[in-house]
Amino acid sequence: MTIETVGIIGAGTMGNGIAQTVAVAGLKAVMIDVNDAALAKGVATLTGSLERLVAKGKIEAEVRDAALARIETSTDYARLAAADIVIEAATENAELKIRILKQIEAAARPEAIIASNTSSISITALGATLADASRFIGMHFFNPVPLLPLVEVIRGVQTSDATAQAVRELTLKLGKSPIGVKNAPGFVVNRILVPMINEAFFVLAEGIATAEEIDEGMRLGANHPIGPLALADLVGLDVCLSVMDVFLKDFGDSKYRACPLLRELVAAGRLGRKTGHGVYRYD
């Protein structure tokens, strides 16, 4: 199928990043959220992102203006009727995602693809809640969406070949690099990455080194472009905790126990860059 209009549920960090990427690629984006304030914040964020790309000479001002013109916002799911694919990009909570996916299925055309940007929740389990799981798939973007090229394309047991092929083609059209992934907790990247981040919190909690030293050690010793604790702040400490909790539940293995310090910081509302304070402070 030809995909020309992409619906996005959620105007937060991932949602507005996906909307920006879609619009820059020349497709129409319909971004849905619960209220106008959330939508305005999302548009302001992606507008700022586009402005920075213009300032750095990455895109022309005309490209920015055309992209902004392709983005529609609404609180009404009925606006999804024109979408060829709808990508759910809500908080990493299974109950919330299931509720949203059912709303999408009720509003979208029967032939429209439904995708989830989940970073850890079973695509098979989410798809099983829909009347037609053959058109459901995982499409996991990485933060910041406009800059990171990877998209994990995750097939559930029920996902059709046609759905998988269409999403792979869309990913390439967006200028991203897809990798095919079997359904499993955390898929590929987060299965490896988030336990490493969790272990960094254990090292910090045990006082083995400061946060700055831990991050510098991994940058200089492992050639990582960003340290694990700084990366946790970028991803969101709440997201890291949610992924670890999914791993512990699905694998039943104590090695996936979230570090108490990570859980404590989340309880304190120190979620990272998005709240201005996580492991580090952000002004």
Side-chain angles (χ1 to χ4, degrees), residues 12-18 45 49 52 89-93 117-121 138-152 154 176-177 179 181 184-283:
T13 300
M14 299 305 293
N16 69 62
I18 295 170
T45 298
S49 175
R52 287 190 293 276
T91 303
E92 196 71 356
N93 177 285
N117 184 54
T118 180
S119 58
S120 62
I121 301 171
M139 197 175 185
H140 181 211
F141 292 82
F142 288 78
N143 182 34
V145 178
L147 301 181
L148 293 187
L150 179 64
V151 176
E152 290 180 321
I154 310 109
K176 302 297 185 183
S177 299
I179 61 170
V181 178
F187 316 127
V188 171
V189 174
N190 281 341
R191 172 76 175 272
I192 299 167
L193 176 64
V194 180
M196 183 196 73
I197 290 173
N198 191 55
E199 194 64 27
F201 276 98
F202 273 115
V203 172
L204 179 63
E206 292 167 17
I208 296 172
T210 66
E212 291 82 2
E213 288 166 335
I214 292 167
D215 281 347
E216 185 175 10
M218 292 304 291
R219 288 198 309 271
L220 301 182
N223 201 29
H224 290 191
I226 183 173
L229 297 173
L231 180 58
D233 276 354
L234 179 61
V235 171
L237 271 61
D238 53 335
V239 174
C240 294
L241 178 59
S242 294
V243 173
M244 288 305 298
D245 284 343
V246 167
F247 286 170
L248 183 61
K249 175 178 176 292
D250 289 358
F251 287 118
D253 190 329
S254 62
K255 75 177 183 180
Y256 294 112
R257 176 176 67 94
C259 176
L261 175 60
L262 173 60
R263 196 174 296 279
E264 186 78 357
L265 292 177
V266 171
R270 289 173 53 175
L271 308 183
R273 288 179 179 268
K274 59 188 172 185
T275 60
H277 195 186
V279 177
Y280 301 101
R281 279 194 179 277
Y282 302 89
D283 297 325

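Just so we're clear, the structure is a prediction, and the values are computed from it rather than from any experiment.
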* Supply the atom-to-atom distance Arg219 CZ to Glu212 CD, rounded to the nearest 0.5 angstrom. => 9.5 Å
* **Exercise: identify the closest heavy-atom pair between Leu147 and Lys176** => N-NZ, 4.2 Å
* Could you state the interatomic distance from CZ (Phe202) to CD1 (Ile214), rounded to the nearest 0.5 Å? -> 12.5 Å
* To do: Could you check if a side-chain atom of Leu271 sits within less than 4.5 angstrom of a side-chain atom of Val266, using non-hydrogen atoms only?
  => yes
* Whether over 12 other heavy atoms sit under 6.0 Å from Asn223 CG -> no
* Asked: Would you find a donor on one side and an acceptor on the other, under 3.5 Å apart, between the side chain of Glu152 and the backbone of Val189?
  -> yes
* To do: Kindly assign one of parallel, tilted or perpendicular to the pair Tyr282 and Tyr280, based on the angle between their ring planes and the thresholds 30° and 60°.
  => perpendicular
* Less than 4.5 Å apart, any side-chain heavy atom of Val243 and any of Leu193? -> no
* Structure fact -> When every non-hydrogen atom of Pro195 is compared with those of Asn190, the smallest separation belongs to CD-O, 3.3 Å
* Evaluate the side chain to side chain contact (heavy atoms under 4.5 Å, CB included) criterion for residues Val181 and Arg191: first the C-alpha distance (whole Å), next the side-chain angles of each, then the deciding distance (0.1 Å), finally the verdict. => CA-CA 12 Å; Val181 178; Arg191 172 76 175 272; over 6 Å; no
* Indicate the atoms forming the closest heavy-atom contact of Leu204 with Ala209, along with that distance. => CD1-O, 3.8 Å
* To do: Any chance you could measure Leu241, atom CG, to Glu264, atom CD, to the nearest 0.5 Å?
  => 11.5 Å
* At what distance, to the nearest 0.5 angstrom, does CG of Asp245 lie from CZ of Arg263? -> 4.5 Å
* Calculate, to the nearest 0.5 Å, the distance between atoms CG and NE2 belonging to Asp283 and His277 respectively. => 10.5 Å
* **Within-4.5 Å side-chain heavy-atom neighbours: Asn143 and Arg273** => no
* Structure fact -> So OG1 of Thr13 and CG of Leu234: to nearest 0.5 Å the spacing works out to 9.0 Å
* Asked: With a 4.5 Å heavy-atom cut-off, do Leu262 and Leu237 have their side chains touching?
  -> yes
* Asked: Does Asp250 reach the side chain of Tyr256, with side-chain heavy atoms less than 4.5 Å apart?
  -> no
* Asked: Would a 4.5 Å heavy-atom cut-off, applied to side chains only, mark Cys240 and Val235 as touching?
  -> yes
* Structure fact -> What one should report as the nearest heavy-atom pair of Phe251 and Pro185 is CE1-CB, 3.6 Å
* Asked: Do Pro228 and Asp215 touch side chain to side chain, with heavy atoms closer than 4.5 Å?
  -> yes
* Check against side chain to side chain contact (heavy atoms under 4.5 Å, CB included), Thr118 and Phe187 -> CA-CA 10 Å; Thr118 180; Phe187 316 127; 4.1 Å; yes
* To do: Using modelled atom types only, decide if a donor and an acceptor are shared between the side chain of Ser242 and the backbone of Asp238 within a distance under 3.5 Å.
  => yes
* To do: Quick one: closest heavy-atom pair of Met139 and Ile154, and the distance?
  => N-CD1, 4.4 Å
* To do: Please name the pair of heavy atoms, one in Ser119 and one in His140, separated by the smallest distance, quoted to 0.1 Å.
  => CB-NE2, 3.4 Å
